[in-house]
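All remarks here apply to the structure that follows.
In this text the structure is predicted, and so the values were computed from the model without any measurement. Along the sequence shown, residues carry numbers from 1.
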Amino acid sequence: MDKEPKQGGEPQVESSIRIADDVVGVIAGIAAVEVDGVAGMSGGFAAEVGERMTGKKNLSKGVKVQVGEKEVAIDLYIVVEFGVRIPEVATKVQEAVKRAVESMTGLECVEINIHVQGVSFDEPEEDYRIR
């Protein structure tokens, strides 16, 4: 099987690049938690227990990814802060994840599904005055 030489006279070699699902998951997870209004990711009970036992933070927690040759589908399971407009936050998460994944991997995001799993009620401490 002869390969046609490139301009430099060297034969062209067929190659491919495969990006692991976990890599895309970490990129998507970091992009999602950086959006204002996202309190965190929801990885379910097993992920929480595993994180507590190992002491390591799982950066792809709450992210499910299906990577094809040129496309990727992402499901994000998030917890939002109390008082935010959920549709607006979800749209911003989709935009941030799409921008980060496509720019870093070159894969086209064909689906980014947001699943709101909860609401965080942690509020900053207010200055209570004694009357």
Side-chain angles (χ1 to χ4, degrees):
M1 181 188 265
D2 293 331
K3 302 280 183 197
E4 290 187 25
K6 290 203 278 188
Q7 290 177 340
E10 296 178 22
Q12 186 175 358
V13 178
E14 290 183 29
S15 62
S16 66
I17 299 172
R18 172 91 172 123
I19 300 171
D21 293 3
D22 288 343
V23 172
V24 177
V26 169
I27 294 168
I30 291 171
V33 296
E34 289 179 348
V35 173
D36 288 336
V38 175
M41 304 299 287
S42 175
F45 179 73
E48 296 291 332
V49 170
E51 195 171 287
R52 290 179 194 262
M53 291 182 73
T54 62
K56 295 180 181 177
K57 191 153 183 91
N58 181 359
L59 297 175
S60 63
K61 177 176 82 171
V63 182
K64 291 189 180 170
V65 176
Q66 294 176 330
V67 177
E69 288 186 30
K70 296 180 182 179
E71 299 174 332
V72 62
I74 303 169
D75 286 286
L76 295 151
Y77 298 84
I78 65 172
V79 176
V80 296
E81 296 172 355
F82 179 77
V84 299
R85 293 185 48 84
I86 294 173
E88 288 177 11
V89 171
T91 300
K92 288 179 183 175
V93 169
Q94 287 174 320
E95 292 168 353
V97 169
K98 180 179 175 72
R99 187 171 42 254
V101 170
E102 288 184 350
S103 68
M104 293 182 73
T105 66
L107 297 169
E108 180 186 356
C109 293
V110 292
E111 276 185 36
I112 301 175
N113 302 309
I114 308 297
H115 306 271
V116 179
Q117 297 292 101
V119 176
S120 175
F121 292 98
D122 293 335
E123 296 178 16
E125 293 183 21
E126 295 181 13
D127 181 23
Y128 294 103
R129 297 182 184 190
I130 301 175
R131 295 181 186 209

**OP:** Check whether I86 and V35 end up in the same hydrophobic cluster, where Ile, Leu, Val, Met, Phe, Trp and Tyr are linked by side-chain heavy atoms less than 4.5 Å apart.
**Re:** yes
Original post:
Can you hop from V23 to V110 via hydrophobic side chains spaced under 4.5 Å?
Top reply: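 Cluster IDs for V23 and V110 differ.
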Subject >> Which atom of K61 lies closest to which atom of S42, heavy atoms considered >> reply: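 In this case the closest contact between K61 and S42 is CG-C, 4.5 Å.
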Original post:
Taking all non-hydrogen atoms of both residues, which atom of S60 and which atom of G25 are closest, and how far apart?
Top reply: CB-C, 3.7 Å
Output all residues satisfying side-chain contact (heavy atoms from CB on, under 4.5 Å) with [X], sequence neighbours left out; order by chain, then residue number.
| X | answer |
| --- | --- |
| A90 | I114 |
| E88 | R85 |
| V84 | V80, E81, V89 |
| T105 | I19, V24, I27, V101, L107 |

Subject >> Any donor-acceptor N/O pair, Q94 side chain to I112 backbone, under 3.5 Å >> reply: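 Checked: pair present.
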Original post:
Are M41 and V79 side-chain neighbours, meaning at least one heavy-atom pair lies under 4.5 Å?
Top reply: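 M41 does not reach V79 side chain to side chain.
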Original post:
Who passes side chain to side chain donor-acceptor pair (under 3.5 Å) against K92, sequence neighbours left out?
Top reply: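 Partners of K92 under the side chain to side chain donor-acceptor pair (under 3.5 Å) test: none.
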**OP:** Output all residues satisfying side chain to side chain donor-acceptor pair (under 3.5 Å) with E95, sequence neighbours left out; order by chain, then residue number.
**Re:**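 None.
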Could you list the donor-acceptor pairs under 3.5 angstrom formed by side chains in residues 63-78, with sequence neighbours left out?
unit_1 : atom_1 : unit_2 : atom_2 : d
D75    : OD1    : N113   : ND2    : 3.1
D75    : OD1    : H115   : NE2    : 2.9

**OP:** Tell me, please, which residues at least two apart from E111 pass salt bridge (Lys or Arg N to Asp or Glu O under 4.0 Å).
**Re:**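 Per chain and number, E111 pairs via salt bridge (Lys or Arg N to Asp or Glu O under 4.0 Å) with no residue.
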